[in-house]
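For reference, the structure discussed in these notes is given below.
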Amino acid sequence: MRARVAAWREAGESIAVVPTMGALHAGHLALVEAAMRDCDRTIVTIFVNPTQFGENEDLDAYPRTEDGDLAKLAELGADLAFIPALSEMYPHGFSTQVTVSGLTEGLCGHGRPAHFSGVATVVSKLFIQAQADRAYFGEKDYQQCLVVRRMARDLDIPTEVVAVPTVREADGLALSSRNAYLDAVQRAAAPALYRVLGEVAKRVAGGAAVAEVVDWGVAELEAAGFDKVDYIDVCDAATLEPLAEARAEAVTDRPARAFAAALLGTTRLIDNVAVG
Ligand code: PAF
């Protein structure tokens, strides 16, 4: 990859990288398309990163569809697929971790304490390996977008992080590789996450107290069939500070977002929408 990137740079071409864990769906392909529109060359990385999975999470079950992924990338015309082996990314003796504080403490960081350190570590490696001008991430993982942007700035990695709007099914469900785990009943319940978040955002923007709206949202998700709601929260869109005690005025002063993570069986779905 370094040799290819060096040749592209020599020719004056701009370079994009799209980090993924494979099992590519239309949401990933939208990232690749955005990258290809903006840059001369597009690299897609596929690596199921074990360090971002918790002990009881779905690392072993995570869908691996490499042949299909490569066919989709070839059809789109991406320039390079980088699929490193585990031993290439984490050779024997690997001892370094990248940890971003602040942004990683709330929302998904609360229930998945090691997750963002795993993400920041692997993404910093991928950025250094690819040496791209721009990197593309989906806004469904909004907290991840902010974390990798902070990491790149703090480590002086000159790769600009671009967040691409979430791609959704017709019924509103955000595309995710984990949707494949849902059975028919769970799949029917899943769009409630986006519907409830939209309503939470609307009520908060309309002046309702955040804490009351969050309680309403949790009850609504449970009534829709979700087995557990990890969180619903309304946060500052830049710092992710919770605005739970704030009234609408404070919320609408600065851009805010409503976030949720909830489980259908053992499948954990996340989503987020802008407030106002
Ligand atoms: O969003 C993902 O698929 C992963 O967290 C990423 C960014 C590829 C890092 O492993």
Side-chain angles (χ1 to χ4, degrees), residues 1 16-35 42-54 57-66 68-70 72-73 78 80-90 94 96-100 103-104 107-109 111-130 132 134-153 155 157 159-167 174-181 259 261 267-272:
M1 180 162 67
V17 66
V18 183
T20 79
M21 297 205 297
L24 301 183
H25 51 64
H28 295 113
L29 302 185
L31 304 181
V32 177
E33 281 166 348
T42 296
I43 301 167
V44 180
T45 72
I46 299 178
F47 179 65
V48 181
N49 174 39
T51 65
Q52 70 187 74
F53 288 79
E57 294 182 12
D58 56 340
L59 173 62
D60 293 336
Y62 199 82
R64 286 159 171 88
T65 56
E66 198 175 299
D69 292 347
L70 289 174
K72 288 175 186 166
L73 295 177
L80 180 67
F82 178 60
I83 312 181
L86 185 62
S87 59
E88 248 179 309
M89 292 301 273
Y90 298 114
F94 187 90
T96 302
Q97 291 205 340
V98 178
T99 302
V100 177
L103 286 172
T104 58
L107 302 175
C108 287
R112 305 183 75 194
H115 172 69
F116 286 115
S117 171
V119 169
T121 302
V122 81
V123 173
S124 59
K125 285 172 67 72
L126 293 168
F127 280 9
I128 291 165
Q129 291 163 349
R134 288 176 161 202
Y136 292 76
F137 292 85
E139 233 176 29
K140 179 180 76 70
D141 300 303
Y142 189 91
Q143 189 174 17
Q144 169 171 279
C145 291
L146 295 191
V147 168
V148 295
R149 186 176 286 146
R150 183 78 260 164
M151 173 278 293
R153 282 186 191 154
L155 298 182
I157 299 175
T159 300
E160 181 194 343
V161 171
V162 180
V164 176
T166 303
V167 178
L175 296 195
S176 163
S177 306
R178 291 191 166 103
N179 293 350
Y181 300 150
F259 297 85
T267 304
R268 188 172 177 277
L269 301 180
I270 63 171
D271 206 345
N272 66 89

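Numbers for residues simply follow the sequence, beginning at 1. Ligands are counted one by one from 1 in listed order, and the atoms in each one are counted from 1 as well.
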Identify whether the distance between the nearest side-chain nitrogen and carboxylate oxygen of R112 and E57 falls below 4.0 Å.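 Result for this pair is yes, salt bridge flagged.
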Salt-bridge criterion met for K140 and D271 (N-O under 4.0 Å):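 Answer for the salt bridge query: no.
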For F53, give me all partners under ring-ring contact (aromatic ring centres under 6.0 Å, His included), at least two apart in sequence or on another chain.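 If we apply the ring-ring contact (aromatic ring centres under 6.0 Å, His included) test to F53, skipping adjacent residues, the hits are Y62.
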Applying ring-ring contact (aromatic ring centres under 6.0 Å, His included), name anything that partners F259, two or more places apart in sequence or on another chain.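 Listed in chain order: Y142.
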For T159 and A132, work out which heavy atoms get closest and say how close.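 Distance-wise, the nearest heavy atoms are OG1-O, 2.9 Å.
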Please tabulate, for side-chain N and O atoms in residues 26-34, each donor-acceptor pair with protein atoms closer than 3.5 Å (sequence neighbours left out).
| unit_1 | atom_1 | unit_2 | atom_2 | d |
| --- | --- | --- | --- | --- |
| H28 | ND1 | H25 | N | 3.0 |

List of N/O pairs, ligand 1 versus protein, all under 3.5 Å?
| unit_1 | atom_1 | unit_2 | atom_2 | d |
| --- | --- | --- | --- | --- |
| ligand 1 | 1 (O) | Q144 | NE2 | 2.8 |
| ligand 1 | 5 (O) | Q52 | NE2 | 2.9 |
| ligand 1 | 5 (O) | Q144 | OE1 | 2.7 |
| ligand 1 | 10 (O) | Q52 | OE1 | 2.6 |

